[in-house]
Amino acid sequence: MSGHTFSREDLHEATWAWWLLMLLGLLGIAAGVIVLAKPSDSLATLAVVAGIFVLADGILNLAASFGRRTENRGLVAVMGVLDIVIGVLLIRHPIGGVLAIALLIGIWLIAIGIVRLVGAFEREQRVWNIVLALLEIAAGIVVVASPPIGFATLALLVGIAFIVNGVGTFALGWMVHSLRHDVEGPAFDSGVTA
């Protein structure tokens, strides 16, 4: 315990988006399942699904970068902007070819993996976050190193990455919801000491 005192308002501000995190996690899992279930569908469908997910993730990261309690606000903001740009490009130009889409998704997976890896050392569940980060980085490297890989392989890697990222985001939302529920209890009327 460090002795910092957090007011009830501070904790409410930090935990307001629990439902958005859980929704984003469910969307990620659904996108991964869809991609894995129908890998032979058109590249345009994969690009649009990926674009929507990446865009939503970017908006959430950008919004989080404005929070007073967010660590590494600049890095979170840069990742949010990068996610938004990649998401819009994927949605706007879904028929850009396997090469362009593979490179964008590969770069995105590497960037998300690196951010998760850096953040893993500041969280309690280090091992889980490190494993997720290494999987995302490895998937991104495979895609970037060999962009003309088959559509089914790309769909498999992207589907798995979406599911893993979705599960992690959903779990984070659940933990934030639990924290918010605990904070709203009567024992925390005057403030919380952490």
Side-chain angles (χ1 to χ4, degrees), residues 14-36 46 49-90 101-146 153-180:
T15 60
W16 73 269
W18 66 266
W19 61 271
L20 191 56
L21 288 169
M22 291 177 73
L23 178 63
L24 192 58
L26 289 174
L27 287 174
I29 293 168
V33 169
I34 289 168
V35 169
L36 289 177
L46 174 61
V49 169
I52 291 169
F53 179 71
V54 173
L55 180 63
D57 196 38
I59 291 169
L60 185 62
N61 281 338
L62 195 58
S65 72
F66 290 106
R68 291 185 297 167
R69 300 270 182 213
T70 302
E71 295 182 21
N72 301 321
R73 290 170 46 176
L75 181 61
V76 172
V78 168
M79 283 306 306
V81 170
L82 180 63
D83 284 350
I84 290 170
V85 169
I86 290 174
V88 168
L89 286 174
L90 287 172
I101 298 217
L103 286 174
L104 288 174
I105 291 173
I107 291 167
W108 175 74
L109 286 170
I110 292 170
I112 291 297
I114 289 171
V115 169
R116 185 186 303 275
L117 186 62
V118 169
F121 295 102
E122 299 173 1
R123 297 187 185 126
E124 290 196 13
Q125 298 175 343
R126 286 189 187 120
V127 174
W128 175 246
N129 282 299
I130 289 171
V131 168
L132 288 176
L134 293 176
L135 285 173
E136 288 170 339
I137 292 170
I141 289 171
V142 167
V143 172
V144 170
S146 182
T153 304
L154 176 61
L156 177 69
L157 293 173
V158 170
I160 290 170
F162 280 163
I163 291 171
V164 167
N165 196 30
V167 168
T169 304
F170 184 85
L172 177 63
W174 184 260
M175 288 188 293
V176 170
H177 176 263
S178 297
L179 174 65
R180 185 177 182 95

>> The criterion is ring pair (Phe, Tyr, Trp, His ring centres under 6.0 Å); which residues satisfy it with Trp174, sequence neighbours excluded?
In response: His177

>> I'd like to check the side chain to side chain contact (heavy atoms under 4.5 Å, CB included) partners of Val164; sequence neighbours left out, ordered by chain and number.
In response: Leu132, Ile160

> Which pairs count as salt bridge (Lys or Arg N to Asp or Glu O under 4.0 Å) when at least one residue sits in residues 77-90, sequence neighbours excluded?
Replying inline: none

> Can you name the residues that form a side-chain hydrogen bond (donor to acceptor under 3.5 Å, both in side chains) with Asn129, not counting sequence neighbours?
Replying inline: none

> Got a second to check how far Leu21's CG is from Phe170's CZ, nearest 0.5 Å?
Replying inline: 10.5 Å

> How long is the span from the CD1 atom in Ile130 to the CH2 atom in Trp128, to the nearest 0.5 Å?
Replying inline: 13.0 Å

>> How long is the straight-line distance from CG of Leu20 back to CG of Leu60, given to the nearest 0.5 Å?
In response: 5.0 Å

>> Is the shortest side-chain heavy-atom distance between Ile112 and Met79 below 4.5 Å?
In response: yes

> Sequence neighbours excluded, which residues qualify as side-chain hydrogen bond (donor to acceptor under 3.5 Å, both in side chains) partners of Asn165?
Replying inline: Arg116

>> My understanding is that only residues two or more places apart in sequence, or in another chain, count here; which of them pass side chain to side chain contact (heavy atoms under 4.5 Å, CB included) with Ile86?
In response: Val54, Leu82, Leu90, Leu104, Trp108

> Ala56: what forms a side chain to side chain contact (heavy atoms under 4.5 Å, CB included) with it, not counting sequence neighbours?
Replying inline: Leu24

>> With a 4.5 Å cut-off on side-chain heavy atoms, are Leu36 and Ile163 touching?
In response: yes

> Minimum heavy-atom separation for Val144 to Ile110, with atom names?
Replying inline: CG2-CD1, 4.0 Å

>> Quick check for you: to the nearest 0.5 Å, what is the distance between Asp57 atom CG and Thr169 atom OG1?
In response: 6.5 Å

>> Once side chain to side chain contact (heavy atoms under 4.5 Å, CB included) is applied, do any residues pair with Ala161, and if so which ones, sequence neighbours excluded?
In response: Leu109

>> What's the separation between atom CG in Leu134 and atom CD1 in Ile114, rounded to the nearest 0.5 Å?
In response: 11.0 Å

